[in-house]
Asks: 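So that we are looking at the same thing, I have put the structure below in structure tokens.
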Amino acid sequence: SQKIEQNSEALNIQEGKTATLTCNYTNYSPAYLQWYRQDPGRGPVFLLLIRENEKEKRKERLKVTFDTTLKQSLFHITASQPADSATYLCALLLDSNYQLIWGAGTKLIIKP
Amino acid sequence: EADIYQTPRYLVIGTGKKITLECSQTMGHDKMYWYQQDPGMELHLIHYSYGVNSTEKGDLSSESTVSRIRTEHFPLTLESARPSHTSQYLCASSDQGSTDTQYFGPGTRLTVL
């Protein structure tokens, strides 16, 4: 079956450390992988996009890697801050029908 | 902050009522979407539109209907609300670019008693 897996358990990180979130998928051929941030009671906000032929993408304190062999993307936040606390969603854009398929997200908690 | 708006933000209604959830965007995007999301769960696509007079059903079976008469407006209607419709409803839009980066509204939290 096709699915996207993100760690359902909350990730607790000390302020200033690097937070790493994982997105694994099976049986998809994604054209792109996107990461979004969602705060409680709000809609997701787009953060970064990485193409299937890219290995790494950076934006300020954010870094995304994409390994199509492992079928995995890693999302890193360096020098984490309490304001980074939120749920982070990954989404795959399928190259078959250009529909976005969403993971359930991982809740990140940055402790002061 | 994306220029996409949803009203109402919260709605509590009784079973059997007809409701319309409003969604408008000022970005001129052709593509618009409605998602349903329960707490801690992934977004499920219930309807989408690629432009005026275009509407399609998504992967999640839904008893709702949508219309797209104007580019900026994509309302969702439930003819007869039931407790099983209790959920968060999120509207999004994207431009015609191939990456389909989506911009979301703040959502409508619907509770059907």
Side-chain angles (χ1 to χ4, degrees), chain A residues 1-11 21 23-26 28 30-54 57 59 64 66 86-109, chain B residues 1-11 21 23-25 27 29-50 56-60 74 76 87-111:
Chain A
S1 63
Q2 299 174 320
K3 59 181 179 179
I4 299 174
E5 289 182 340
Q6 292 187 260
N7 198 333
S8 59
E9 292 183 11
L11 180 64
L21 289 78
C23 175
N24 295 300
Y25 62 93
T26 60
Y28 286 124
Y32 302 93
L33 190 144
Q34 304 181 10
W35 283 89
Y36 290 75
R37 168 183 173 143
Q38 187 173 24
D39 290 290
R42 309 289 297 181
V45 175
F46 172 75
L47 296 174
L48 275 173
L49 174 149
I50 188 165
R51 292 173 170 76
E52 58 164 342
N53 59 353
E54 295 178 318
K57 187 72 78 70
K59 178 182 177 183
V64 172
F66 194 15
T87 296
Y88 291 85
L89 312 176
C90 72
L92 302 182
L93 184 70
L94 304 182
D95 62 7
S96 57
N97 60 8
Y98 281 90
Q99 295 285 350
L100 264 185
I101 308 297
W102 296 82
T106 297
K107 185 175 182 178
L108 175 65
I109 300 169
Chain B
E1 193 88 4
D3 296 321
I4 182 164
Y5 309 97
Q6 290 185 245
T7 57
R9 290 293 313 278
Y10 304 93
L11 181 62
L21 307 184
C23 176
S24 295
Q25 51 96 4
M27 297 172 282
H29 287 168
D30 285 320
K31 296 181 185 178
M32 294 191 74
Y33 311 83
W34 276 103
Y35 290 93
Q36 187 173 336
Q37 186 184 32
D38 292 315
M41 303 297 288
E42 61 267 42
L43 281 74
H44 289 288
L45 182 66
I46 50 176
H47 295 283
Y48 61 100
S49 167
Y50 284 158
E56 301 286 345
K57 288 185 182 288
D59 298 328
L60 183 66
F74 191 40
L76 181 144
S87 188
Q88 172 93 340
Y89 291 84
L90 291 163
C91 179
S93 71
S94 67
D95 63 25
Q96 286 286 12
S98 60
T99 63
D100 201 39
T101 299
Q102 297 189 5
Y103 299 88
F104 284 81
T108 293
R109 180 70 198 170
L110 173 66
T111 301

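Chain identifiers are assigned alphabetically (A, B, ...) following the order of the sequence lines, protein sequences preceding nucleic acid strands; residue numbering begins at 1 within each chain. These numbers come from a predicted model, not from an experiment.
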Asks: F104(B) and W102(A): aromatic ring centres closer than 6.0 Å?
Replies: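 Yes, the ring centres sit under 6.0 Å apart.
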Asks: In terms of heavy-atom proximity below 4.5 Å to chain A, should L43(B) be classed as side chain, backbone, both, or neither?
Replies: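 Both parts, heavy atoms under 4.5 Å.
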Asks: Identify the two heavy atoms, one from L100(A) and one from Y35(B), that lie closest to each other, and give their separation to 0.1 Å.
Replies: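 The answer is CB-OH, 4.3 Å.
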Asks: Below 4.5 Å from any heavy atom of chain B, which atoms of Q6(A) appear? Answer side chain, backbone, both or neither.
Replies: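 Looking at Q6(A), nothing touches chain B.
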Asks: How close do Q99(A) and L45(B) get, counting heavy atoms only, and between which atoms?
Replies: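 Between these two residues, the closest heavy atoms are OE1-CD2, 3.5 Å.
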Asks: Could you grab the distance from atom OG1 of T101(B) to atom OH of Y36(A), nearest 0.5 Å is fine?
Replies: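 The distance works out to 5.0 Å.
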Asks: Among Q37(B), Q88(B), H44(B), who wins on heavy-atom pairs under 4.5 Å with chain A?
Replies: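 Max contact count across the listed options: Q37(B).
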Asks: I need the minimum non-hydrogen distance between G40(B) and A104(A), along with the two atoms involved.
Replies: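 For G40(B) versus A104(A), the nearest heavy atoms are O-CB, 3.9 Å.
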Asks: Could you look at Q102(B) and say if it's the side chain, the backbone, both or neither that has a heavy atom under 4.5 Å from chain A?
Replies: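 Both parts, backbone and side chain.
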